[in-house]
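Remarks on the structure that follows.
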Amino acid sequence: MSKRCRRNVEVNTTLTNIDLSGKLDIGDAREIANSLKVNTTLTNINLSMNEIGVDGVLEIANALKVNTTLTNINLSGNELGYIGVQEIANVLKVNTSLTTINLSDNFIRVDGAMQMPFRQHHINQY
């Protein structure tokens with residue numbers, strides 16, 4: 001993701017959905033995380049199949065802790081593992097706007113799934 005593209009996401013006031021599936025690396029994950037911290041219109045983001053791993057999800061998770069507009073996020077196929085899922089579980093303790101999260105295909109075992117708070121959130125983790 002170029003800095004120009006990131007800047008466009010940050011200042012855009014009409015875009016509500018964005019699909020960045022299969023287009024990001026760890027550096028891009030940092031860029032999109034920075035954008036999510038300030039964007040106030042995106043409600044749906046697809047970050048699937050990027051294999052951003054734990055480092056990438058830590059960046060995204062920090063952004064989700066302050067973002068108040070996203071309601072749906074697709075993080076499937078990003079090799080998050082137990083630590084990544086644990087970080088998303090921590091996000092859900094403070095983020096009240098997220099209602100749907102797709103965590104499928106992330107090597108999440110039962111112990112990882114047990115970290116998720118299942119109240120009022122729709123979480124796909126299989």
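Start at 1 with the first residue, then count along the sequence.
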If every non-hydrogen atom of [X] is compared with every non-hydrogen atom of [Y], which pair is closest and at what distance?
X    : Y   : result
N106 : G77 : ND2-N, 3.7 Å
K23  : D28 : O-OD2, 3.6 Å
G56  : A29 : CA-CB, 4.0 Å
E87  : L58 : CG-CD2, 3.5 Å
N67  : S97 : O-OG, 3.9 Å

Under 3.5 Å: donor-acceptor pair, side chain of [X], backbone of [Y]:
X    : Y    : value
N46  : L20  : no
S76  : N102 : no
N62  : E59  : no
D105 : M49  : no
N50  : S48  : yes

So how far is it from D25 CG to R30 CZ, rounded to the nearest 0.5 Å? 9.0 Å

Rounded distance [0.5 Å steps], CG in L98 versus OG1 in T100: 8.5 Å

Would I52 and L47 count as a side-chain contact (heavy atoms from CB on, under 4.5 Å) here? Give the steps. CA-CA 9 Å; I52 60 173; L47 300 176; 5.6 Å; no

Does CD1 belonging to I83 count more than 12 external heavy atoms closer than 6.0 Å?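 Open.
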
Output, in order, the C-alpha distance, side-chain angles, deciding distance and verdict of side-chain contact (heavy atoms from CB on, under 4.5 Å) for V54 and L80. CA-CA 5 Å; V54 174; L80 305 184; 5.9 Å; no

Result of checking T16, N17, D19 against N44 for side chain to side chain donor-acceptor pair (under 3.5 Å): N17

Option from L75, N78, I73, N74 for which side-chain contact (heavy atoms from CB on, under 4.5 Å) with L103 holds: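 Passing option: L75.
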
Applying side-chain hydrogen bond (donor to acceptor under 3.5 Å, both in side chains), name anything that partners T43, two or more places apart in sequence or on another chain.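 Per chain and number, T43 pairs via side-chain hydrogen bond (donor to acceptor under 3.5 Å, both in side chains) with no residue.
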
Looking at residues at least two apart in the chain, or sitting in another chain, which of them share a side-chain hydrogen bond (donor to acceptor under 3.5 Å, both in side chains) with T68? none

Are I18 and L42 packed together at the side-chain level, in the sense that at least one heavy-atom pair is separated by less than 4.5 angstrom?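 They are in side-chain contact.
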
L64 with I26, same ILVMFWY side-chain cluster at under 4.5 Å: no

Are L92 and V66 joined in one hydrophobic group, where the rule is that I, L, V, M, F, W and Y side chains link up if heavy atoms are under 4.5 Å apart? no

Test of understanding: with salt bridge (Lys or Arg N to Asp or Glu O under 4.0 Å), list the residues that count as partners of K37, not counting sequence neighbours. none

